[in-house]
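Working notes for the structure below.
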Amino acid sequence: MLKRGLALGAGLLVGGWRLASRVAAAPAIIDCATWGAQPPREPITVVAARPTKIIIHHTAGANTTDGSLSHAYQLARAIQQAHFDRGWIDSGQHFTISRGGYVLEGRHRSLEVLTSGAGHVRGAHCDGQNDVAVGIENEGTYTSVAPPQALYDRLVELCAYICQQYSISSAAIYGHRDFNATACPGDRLYALLPQLRSDVAARLGEAARVWPLVRRGDSGERVRTVQYLLRARGASLSVDGLFGSATEQAVRQFQSARGLSVDGIVGTQTWEALIITTRRGDSGDQVRAVQSQLAARGYGTTVDGLFGATTESHVQQFQSARGLTSDGIVGPQTWCALVA
Ligand SMILES: [Zn+2]
């Protein structure tokens, strides 16, 4: 039997507060009874505090081509037996994902507690982290090959749901090796963790940066930045700091070309697509945008479109003043701070 956490707690979740700003649906999770778990050897401990992180493992077993449900059951039973053999009270991890893309409960009560969104089942998967981290075992060995897409897709879904239930940031997804001396979860899966965090963030609708809305009728330095960036993107537009019909039309054309929703308003998605990372040695309108912002902020920067030593120094001063990494490179964080 496949159980969906959302369906299990539907009365509480849908009628309650938790779904107010959260949207990640639970993946189907196969509970212990369904895959034929043995009872735990001792009562399961549920600590009161919610977990604060997720830790990713690989089982370091065979990269089987058997993606069947029956194989997934067998995998869960084999892990539990191996963990009994180590003297543990139950499976050490909270959840397991098979190479065929089945998600299974590991330690008893993990699904019940996750669905409630309160408390944490004490695990046995990472020394020093078992009271604060949800452990996910991924079937296979990922030292030199990446996991199958079916497994990865379920991993994104499961992590997003765990983050949602416990208010954990996508930034708090780690690999086992981040805490213990181990190769787990393998070089390839470990290298995928930034992508996993990014995919989970997208699923959660996390806004990493807060951008201002700029629209028709606005005027000033922000509008000038939009106009410079549109020109750098190929628009034919005068930079006058006035958001009129010509600027709106250029924004619409840019949005359409990028597959964004076409509303003529520069918001988060448009800003993220519009900005161009720029650094010393660059030239052009994106550099003028940076220089004009710095000049407006009193740095005395000349707006000549050439990113030289003086512009770099002013960028670094601005970054220091804003608590950003002072590397002189205008990337997304610095752009966001410049137009904030
Ligand atoms: Zn591990």
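Numbering of ligands and ligand atoms starts at 1, following listing order. These numbers come from a predicted model, not from an experiment.
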Q) Taking atom types as modelled, is there a side-chain donor on Glu112 or Ser116 under 3.5 Å from an acceptor on the other? A) no
Q) Got a sec, which residues hit ring pair (Phe, Tyr, Trp, His ring centres under 6.0 Å) with Tyr174, two or more places apart in sequence or on another chain? A) Phe179
Q | All ring pair (Phe, Tyr, Trp, His ring centres under 6.0 Å) counterparts of His83, not counting sequence neighbours | A | Trp88
Q: Quick one: name the protein N/O/S atoms under 2.8 Å from the Zn ion (ligand 1), chain by chain.
A: His57 ND1, His176 ND1, Cys184 SG
Q: Kindly write out the residues that satisfy ring pair (Phe, Tyr, Trp, His ring centres under 6.0 Å) with His94, not counting sequence neighbours, or none if the list is empty.
A: His120, His125
Q. Going by atom types only, do Trp35 and Gln74 share a side-chain donor-acceptor pair under 3.5 Å?
A. no
Q. Do Gln319 and Thr334 get their side chains close enough for a donor-acceptor pair, meaning under 3.5 Å?
A. yes
